[in-house]
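Quick notes on the structure that follows.
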Amino acid sequence: MASEGGTTGYIVHHLTPLTVGEGFWTLHLDTLFFSAALGALFIWFFKSVAESVTTGVPGPAQNFAEMMIEFVDQQVKDTFHGQSKLIAPLGLTIFCWVFLWNMMDLLPVDLLSLISSLMGIEYLRVVPSTDLNATFALSISVFILILFYSIKIKGVLGFAKEMTCTPFGPWMMPFNLLLKTVEEIAKPISLALRLFGNLYAGELIFILIALLPAFVQPLLSFPWAIFHILIIVLQAFIFMVLTIVYLSMAHEDH
Amino acid sequence: MSINATLIGQMITFTLLVWFTMQYVWPPLIEALDERKKKIAEGLAAAEKGQEDIKLAEKKAMKYLKEAKTESANIIALAQKRANEVVEESKETAKLEGERMIESAKAQIEQEMQQAKETLRKEVSLLAIKAAEQILQEEVDKAKHKDIISKVSAQLG
C-alpha cells in the first residue's frame with residue numbers, strides 16, 4: 001500500500017505518469033502504450049470479425065460486433081441526416097476506444113503499478129482517460145474535423161458568414177464573432193474536460209479507497225466499481241454522441 | 001498534468017484507428033448487416049406470399065369441391081331418371097309380351113276348337129252314315145245311293 005511519503009506520496013505516485021523528454025516534448029509513455037494497446041485490441045477484435053463475417057447465423061463474436069455497429073449506426077442515423085462515410089466509423093472508434101480506456105479504471109489501482117515496479121518502472125498511470133493529453137487528442141481531432149466539414153460543406157465564405165452574422169445579424173459582427181468563437185472552442189474543451197474530469201475523479205476515489213484499512217476497502221470499492229461500470233460506458237457514449245452531433249451541426253447549412 | 005507531445009502521439013494513434021476502422025472494419029460489417037436485413041425481408045415476403053398462395057389454393061379447392069358436388073348430384077339425378085325409364089320400359093315390354101302371349105293362346109284355342117269341330121263333324125257324319133246304314137240295312141245299295149250319301153255327308157260336313 002502506501003509507499004514512502006505517506007498518503008500524499010501514495011496519491012501523487014499513482015497520478016504521476018511515466019515520462020521521457022523535457023518540456024513540451026515530454027511523452028507520457030504509459031498513456032501512449034496503453035491507449036495503443038487498447039486500440040490494437042479494438043482493431044484486432046473488429047478486424048477478425050470483419051474477416052469472417054457471414055450473412056447467415058452469426059457467432060457470438062460477430063453478434064457482439066454487430067450489436068455495437070448497429071448501436072452506433074442507429075445513433076448516427078438518429079442525429080445525422082446526410083451521407084458520410086466517416087462519421088459512423090469515427091463514432092464506433094471513439095466509443096470503443098474511450099470505453100476501453102475507461103475500463104482500465106476498473107483494474108485494482110495497485111495491480112499494474114505493482115507489476116511494473118517489479119519490472120523496474122517507477123511510475124505508471126494505466127487509465128489513458130485520466131491523461132489530459134489523451135482526451136484532448138481526441139477532442140482536438142474532432143474539432144479539426146468540425147472545422148474541416150464546416151468549411152467543406154458551407155465553403156469558406158459560408159463559414160465566415162456563419163461565424164460573423166449569426167446569431168444577431170451583420171450589425172453585431174464583432175460580438176457575433178466572439179460568441180461563435182467561444183461556442184466553437186467550447187466544444188473540444190468541454191469534450192476533453194468532461195471525460196478527463198469524470199475518469200480522473202473516479203480514479204482518485206479508487207486511490208483514496210485503497211488508502212483505507214484492508215477490511216473496509218471492499219465495502220467501498222465494490223459499490224464504487226459497480227457505479228463506475230455505468231460511468232465508463234456513459235462517458236464513452238457521451239463522447240461519441242456529442243461528436244456525432246457536432247459533426248452533423250457542421251454539415252448543416254443554416 | 002501538462003499538455004505535451006503525448007497529445008500529438010495520441011492524435012496520430014487516433015487518426016490511424018479511425019482510418020483503419022473506416023477502411024477495413026465498418027464497410028464489411030455494415031454490408032453483412034444490410035445483406036442479412038435484405039435476406040430477412042425477402043424471407044418474410046416469401047412467407048407472406050406462401051400464406052397468400054395457401055389461401056388461394058384453399059379457395060380453388062373449395063371451388064372444385066363445389067363443382068364436384070354439383071356434378072355428382074347431376075349424375076345421381078340422371079341415374080335416377082334412367083332407372084325410372086328402364087323400369088317403365090320393362091313394364092311396357094312385359095305388358096306387350098303378356099298381350100302377345102294372350103294373343104297366341106287365343107289363336108291356339110281357336111285352332112284347337114276348329115280341329116275339334118272338324119273331328120266332331122267327321123265323327124258325326126260317320127255316325128250318321130252308320131245310323132242310316134243300320135236303318136236302311138240291305139236296302140241301301142252303296143253304289144246306287146252313292147250320290148245321296150256323299151251329298152248328306154257334304155251337308156253334314
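Scope of the values below: all heavy atoms of this structure, side chains included, with no hydrogens, waters or symmetry mates. In the text below, chain A, chain B and the rest are named by the order of the sequence lines, each starting its count at 1. The structure presented is a predicted model; accordingly, all values stated were derived computationally and were not measured.
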Query - Greatest number of heavy atom pairs closer than 4.5 Å to chain B - which of A:Val49, A:Val53, A:Leu29, A:Ile144 - result: A:Val53
Requested in this report: Any chance you could measure B:Glu35, atom CD, to A:Thr54, atom OG1, to the nearest 0.5 Å?
Outcome: 9.5 Å
Query raised in the report: Considering residues, nucleotides and ligands other than B:Glu52, do more than 12 of their heavy atoms fall under 6.0 Å from its CD?
Result: no
Query raised in the report: If you draw a 6.0 Å radius around CZ in A:Phe64, do more than 12 non-hydrogen atoms from other residues or ligands fall strictly inside?
Result: no
Report task. Tell me, yes or no, whether the heavy-atom count around B:Glu48 atom CD, taken from other residues, nucleotides or ligands under 6.0 Å, exceeds 12. Result -> no
**Report entry** Over all atoms of both residues, closest heavy-atom pair of A:Thr55 and B:Lys39
**Finding:** OG1-NZ, 3.0 Å
Report summary line: Bottom line for B:Leu17: the part with an atom under 4.5 Å from chain A's heavy atoms is both
Requested in this report: Calculate, to the nearest 0.5 Å, the distance between atoms CG and CD1 belonging to A:Asp73 and B:Ile30 respectively.
Outcome: 4.0 Å
Query raised in the report: Is there a donor-acceptor contact under 3.5 Å from the side chain of A:Thr26 to the main chain of B:Asn4?
Result: no
Requested in this report: Assess whether atom CD of B:Gln23 is packed by more than 12 heavy atoms of other residues, nucleotides or ligands within 6.0 Å.
Outcome: yes
Query raised in the report: So how far is it from B:Leu33 CG to A:Gln62 CD, rounded to the nearest 0.5 Å?
Result: 7.5 Å
Requested in this report: Return the option, out of B:Arg36, B:Met11, B:Met22, with the maximum number of heavy-atom pairs under 4.5 Å with chain A.
Outcome: B:Arg36
Report task. Heavy-atom distances under 4.5 Å only: say whether B:Leu16 touches chain A with side chain, backbone, both or neither. Result -> neither
Query raised in the report: Who among A:Gly21, A:Pro128, A:Ser141 has the most heavy-atom pairs with chain B under 4.5 Å?
Result: A:Ser141
Query raised in the report: Within a radius of less than 6.0 Å around CE of B:Met113, do more than 12 heavy atoms belonging to other residues, nucleotides or ligands occur?
Result: yes
**Report entry** Heavy atoms of other groups near A:Gln83 CD, more than 12 under 6.0 Å
**Finding:** no
Query raised in the report: Rounded to the nearest 0.5 Å, how far does CG of A:Leu38 lie from OG1 of B:Thr13?
Result: 11.5 Å
Requested in this report: Side-chain contact test, heavy atoms from C-beta onward, threshold under 4.5 Å: evaluate it for A:Leu90 versus B:Phe14 and give yes or no.
Outcome: yes
Query - Residue pair A:Trp97 / B:Gln10: nearest heavy atoms and the distance that separates them - result: CH2-O, 4.1 Å
Query raised in the report: Do the side-chain N and O atoms of B:Thr21 and A:Thr93 include a donor-acceptor pair separated by under 3.5 angstrom?
Result: yes
**Report entry** Part of A:Thr135 within contact of chain B (heavy atom distance under 4.5 Å)
**Finding:** neither
**Report entry** Side chains of B:Phe20 and A:Lys47 in contact at under 4.5 Å (non-hydrogen atoms)
**Finding:** yes
Requested in this report: Would you mind checking which part of B:Lys38 comes under 4.5 Å of any heavy atom in chain A, side chain (CB onward), backbone (N, CA, C, O), both or neither?
Outcome: neither
Query raised in the report: Hey, which of A:Gly56, A:Ala65, A:Pro89 has the most heavy atom pairs under 4.5 Å with chain B?
Result: A:Pro89
Query raised in the report: Near A:Phe71 CZ, under 6.0 Å, is it more than 12 heavy atoms from other residues, nucleotides or ligands?
Result: yes
Report summary line: Of the listed B:Ile8, B:Val18, B:Thr15, the one with the largest count of heavy-atom pairs under 4.5 Å with chain A is B:Val18
Report task. Mind checking the CG-CH2 spacing from A:Leu86 to B:Trp26? Nearest 0.5 Å is all I need. Result -> 11.0 Å
Query raised in the report: Quick one: CG on B:Leu7 to OG1 on A:Thr31, what's the gap to the nearest 0.5 Å?
Result: 11.0 Å
